[in-house]
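To keep things clear, I will list the structure first and then write my remarks on it.
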4 protein chains.
Amino acid sequence: MGVKDRKKREKEQRRHQILDAARDLFMHKGYFDVRMDDIATGAEVAIGTLYLYFHNKDEIYATLCEEGLDILNRLIEDAIREEGSFQECLEAIGRSYLGFYMEYGSYYDVLSFVGMGFKQVGLSEELEKKITQKSDAAISKLEFVVKQGMEAGEIAEGDSKEVAFFLWGLLEGLIFIHRRGYMDAWAVDLARTSAVGMEAIYRGISR
Amino acid sequence: MGVKDRKKREKEQRRHQILDAARDLFMHKGYFDVRMDDIATGAEVAIGTLYLYFHNKDEIYATLCEEGLDILNRLIEDAIREEGSFQECLEAIGRSYLGFYMEYGSYYDVLSFVGMGFKQVGLSEELEKKITQKSDAAISKLEFVVKQGMEAGEIAEGDSKEVAFFLWGLLEGLIFIHRRGYMDAWAVDLARTSAVGMEAIYRGISR
Amino acid sequence: MGVKDRKKREKEQRRHQILDAARDLFMHKGYFDVRMDDIATGAEVAIGTLYLYFHNKDEIYATLCEEGLDILNRLIEDAIREEGSFQECLEAIGRSYLGFYMEYGSYYDVLSFVGMGFKQVGLSEELEKKITQKSDAAISKLEFVVKQGMEAGEIAEGDSKEVAFFLWGLLEGLIFIHRRGYMDAWAVDLARTSAVGMEAIYRGISR
Amino acid sequence: MGVKDRKKREKEQRRHQILDAARDLFMHKGYFDVRMDDIATGAEVAIGTLYLYFHNKDEIYATLCEEGLDILNRLIEDAIREEGSFQECLEAIGRSYLGFYMEYGSYYDVLSFVGMGFKQVGLSEELEKKITQKSDAAISKLEFVVKQGMEAGEIAEGDSKEVAFFLWGLLEGLIFIHRRGYMDAWAVDLARTSAVGMEAIYRGISR
DNA sequence: GATGAATGAGATTTCATTCAT
DNA sequence: CATGAATGAAATCTCATTCAT
């Protein structure tokens with residue numbers, strides 16, 4: 001009994017070791033420059049062990065993508081759940097998005113890579129569907145918040161989808177730029193710029 | 001003499017053939033899925049010939065990046081040169097940026113890949129410096145425009161760098177999202193969303 | 001005491017389970033395409049258990065070969081023991097050989113593979129010796145029958161070894177051809193062809 | 001012009017180098033124990049070169065099979081073409097078959113392996129069809145000879161297919177036995193045994 | 001005695017780059 | 001200058017065997 005449990009726990013642990021090592025490597029070197037050898041070394045297991053837990057390199061990668069999206073969605077949901085005005089909600093979402101990027105940067109990189117439209121990462125259609133689904137979920141939530149803001153009269157009427165998209169675009173774009181290193185080079189702060197930008201938009205669309 | 005000229009012309013032409021083939025391939029298949037063989041076939045030259053014109057695969061790639069950035073910078077300069085109010089200038093820049101993405105999409109993809117922050121492309125530091133330089137040039141121009149707008153009293157005083165960055169961020173983010181296919185899936189128009197978003201920001205920061 | 005007996009019985013049983021599973025797999029998929037995992041699954045034991053009963057994969061294979069040869073030899077002995085003329089004896093041997101092939105086809109395949117003359121199976125010298133020994137036993141018996149036939153004046157004098165070999169060759173060759181599927185393709189019956197062929201030879205060598 | 005010709009000749013030569021090395025290795029070590037490395041070393045080329053001439057290991061193997069069958073068929077045809085009595089023709093065919101085995105033993109091994117019914121060698125259906133076709137051609141020729149012998153009244157009437165099969169079986173079986181090393185062990189000569197056996201059959205079926 | 005997770009050597013194949021012609 | 005056959009390092013994945021529990 002206890003033995004079985006411990007074994008199961010150990011297996012789970014090993015799986016995590018592998019995913020942790022892989023995430024770290026994918027983040028720093030990108031999908032193509034990570035060798036299965038590297039992951040094995042990083043996880044302190046033999047190469048063969050990797051294939052005991054995952055079918056192939058792509059599956060490791062795919063698993064990381066899913067994990068990342070789950071975290072992101074949870075963060076956004078949390079941000080929305082907290083009640084408050086549209087403005088407060090917007091701020092919360094922005095903080096969540098940035099928070100995900102700052103705290104789970106490795107996932108961000110992993111996900112970006114998939115999203116780039118580079119088809120070489122032979123992800124299964126299943127995963128692609130999952131990613132789209134989970135991303136759609138995030139957009140839906142944002143649009144819902146916008147709609148509520150309009151209905152409450154807090155912001156001007158308009159195409160809620162469009163508004164949701166440019167809000168998302170601002171966040172995504174700033175992170176993208178930060179990721180490339182331009183903000184550090186220009187001594188611009190991501191959080192501040194994001195806050196100021198969101199506020200500008202808010203003022204631009206509020207009644 | 002005429003002979004020398006012709007030879008030179010032919011060499012230039014051959015170089016273009018190679019770059020054209022490479023750009024097309026990199027755009028459609030991504031850096032890693034393009035083989036030197038493919039480029040040679042596409043350019044209708046022998047594989048060895050590629051190495052007469054470029055040191056290696058990365059250099060071909062690097063040259064394309066530079067070309068792309070040159071075009072982008074030229075477009076932005078053109079947008080700024082046309083005189084007018086800050087608002088008009090902003091709109092012109094937005095249109096230029098989007099225009100670059102729409103008309104020179106292949107360059108955009110190529111550049112995005114570099115921008116991933118991943119080191120996997122293995123580009124030389126020299127190229128990285130060049131790219132940073134040329135990107136910086138673009139930001140400088142944008143910041144300059146913002147500063148002028150502030151000095152002219154058209155928009156509120158503030159950190160011009162910050163404003164420049166979130167304007168850029170909005171454009172970059174919207175393109176990024178569009179590139180991933182989400183806009184098509186949600187039936188949202190890139191140009192319209194961009195215009196509406198920019199206007200919102202403008203209202204948010206104008207006096 | 002009963003306990004010890006039961007244990008011994010269980011061990012013997014387990015050994016059989018393993019051999020049964022292995023024979024079945026080797027027959028259907030060939031030596032190289034059978035994994036130790038497959039055998040373990042088929043025998044409903046853990047992979048480690050295989051190594052409690054056999055040193056390695058080859059030993060399992062070798063054991064099956066021995067079993068097969070033992071059966072074959074027993075069948076031939078039975079055929080010879082029945083008294084009668086040389087002709088009757090010859091017919092009985094032919095029927096036995098074919099019977100072995102038809103009823104114990106899995107052993108036949110297993111043995112053929114060894115007989116390929118290829119060293120790739122990597123069997124121990126010990127096994128090779130055993131197989132040769134047991135095959136030699138079969139030939140000896142056949143030669144003895146031929147010699148008796150000559151001495152009895154039923155067939156012409158001659159090199160009894162040679163005669164034994166071409167009798168064996170006919171049987172072996174027909175089975176080989178049948179095994180490859182040519183008889184089915186040409187609608188030729190193995191048993192009949194063998195009988196007719198043996199009879200032709202008999203007539204050719206009988207006084 | 002001369003240059004092109006020489007290049008072509010060299011390519012053909014290299015192809016032969018590879019096939020020669022491969023045939024030798026397959027003969028001595030069997031399909032599975034031959035590594036692409038071994039073939040490359042044997043042919044004195046780099047590993048990559050192998051893949052310039054053949055798609056994969058199986059294709060090398062397949063090419064050897066075809067070559068072997070072509071040689072065999074040519075030999076049989078030659079044997080039949082020489083006019084003469086059925087008996088003479090039969091002897092000629094036997095000599096040819098044995099000759100193929102003795103002189104082109106490597107091909108024999110290669111072909112036997114395919115014929116064993118081990119499916120692991122992932123030969124294309126195309127090749128399998130070719131092999132069947134070419135083997136069928138050989139059988140057809142043999143049956144034709146038998147039929148002529150019957151019509152000429154040299155041998156007794158009967159099922160010509162059956163007769164053809166047991167003649168083939170005798171040859172195939174003797175070679176098979178020889179290949180396994182039993183003849184050497186028993187100091188029996190293949191050629192003699194074959195000749196005596198064929199003659200016995202001939203006597204058995206002649207009028 | 002039984003288990004099965006872990007091991008890691010080793011196999012096939014790819015492709016950027018070179019260099020003799 | 002142009003060619004393209006040859007190179008060989010390197011990557012992913014398999015599977016017989018071991019050994020701690």
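Proteins come first, then strands; the chains are lettered A, B, ... in the order of their sequence lines, and each starts at number 1. The structure displayed is predicted, hence computed values, not measured ones.
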**OP:** Assess whether side-chain contact (heavy atoms from CB on, under 4.5 Å) is satisfied between D/H28 and D/V34, documenting all intermediate values.
**Re:** CA-CA 9 Å; D/H28 287 299; D/V34 172; over 6 Å; no

Original post:
C/Q13 has an atom CD; how far is it from atom P of E/dA2, in whole Å?
Top reply: 12 Å

**OP:** Map A/E44 and D/T49 onto DNA chain E by nearest heavy atom, then report which one ends up closer to the 5' terminus.
**Re:** A/E44

Original post:
Which part of the nucleic acid, if any, lies within contact of A/K57, taking any heavy atom under 4.0 Å across all strands shown: a base, the sugar-phosphate backbone alone, or nothing?
Top reply: sugar-phosphate

**OP:** Check step by step if salt bridge (Lys or Arg N to Asp or Glu O under 4.0 Å) holds for C/R23 and C/D20.
**Re:** CA-CA 5 Å; C/R23 195 183 317 109; C/D20 288 345; 3.1 Å; yes

Subject >> Nearest-nucleotide 5' precedence on DNA chain F, A/I47 against D/R14 >> reply: D/R14

Original post:
E/dG10 P sits how many Å from D/F32 CZ, rounded?
Top reply: 19 Å

Original post:
Short question: side chain of C/K57, backbone of C/R35 - any donor-acceptor pair under 3.5 Å?
Top reply: no

Original post:
If you find the nucleotide of DNA chain E closest to D/M36 and the one closest to C/V45, which residue's nucleotide is nearer the 5' end?
Top reply: C/V45

**OP:** Give a yes or no on whether a salt bridge exists between B/K8 and B/E12, defined as a side-chain N under 4.0 angstrom from a carboxylate O.
**Re:** no

**OP:** Dot-bracket notation for DNA chain F is requested: 5' to 3', Watson-Crick or G-U wobble pairs only, both distances under 3.5 Å, with ( ), [ ], | and . as defined.
**Re:** .||||||||||||||||||||

**OP:** Looking at every strand, decide which applies to B/K11 at a 4.0 Å heavy-atom threshold: base, sugar-phosphate, or nothing.
**Re:** sugar-phosphate

**OP:** Please answer whether the main-chain N or O of C/V45 pairs with a side-chain N or O of C/T49 as donor and acceptor at a distance below 3.5 Å.
**Re:** no

Original post:
Taking the side chain of D/Y51 as heavy atoms from C-beta outward, which of E/dT12, E/dA2, E/dT7 is closest to it?
Top reply: E/dT12

**OP:** Any chance you could lay out the side-chain contact (heavy atoms from CB on, under 4.5 Å) test for A/M27 and A/D24, step after step, and finish with the verdict?
**Re:** CA-CA 5 Å; A/M27 166 167 83; A/D24 199 52; 3.9 Å; yes

Original post:
Run the salt bridge (Lys or Arg N to Asp or Glu O under 4.0 Å) check on C/E10 and C/R14 step by step: do they pass?
Top reply: CA-CA 6 Å; C/E10 280 175 359; C/R14 189 99 69 195; 5.7 Å; no

Original post:
If you find the nucleotide of DNA chain F closest to C/H55 and the one closest to D/E10, which residue's nucleotide is nearer the 5' end?
Top reply: D/E10

Subject >> Sugar-phosphate only, base, or nothing, as touched by D/N56 at under 4.0 Å among non-hydrogen atoms >> reply: sugar-phosphate

Subject >> Between E/dG1 (P) and C/R15 (CZ): distance, integer Å >> reply: 14 Å

**OP:** Could I get the full list of ring pair (Phe, Tyr, Trp, His ring centres under 6.0 Å) partners for B/Y104, not counting sequence neighbours?
**Re:** B/F100

**OP:** Extract, from 5' to 3' on DNA chain F, the first and final nucleotides lying under 4.0 angstrom from some heavy atom of chain D.
**Re:** F/dA5 to F/dG8

Original post:
D/L25 pairs by side-chain contact (heavy atoms from CB on, under 4.5 Å) with which of D/I60, D/D33, D/T41, D/I39?
Top reply: D/I39

Subject >> Phosphate OP1/OP2 of E/dA2: any C/Y53 side-chain N/O under 4.0 Å >> reply: yes

Subject >> Rounded distance (Å) that lies between atom C1' of E/dG4 and atom CG of C/L52 >> reply: 12 Å

Subject >> d(CZ, D/F54; P, E/dT12) in whole Å >> reply: 16 Å

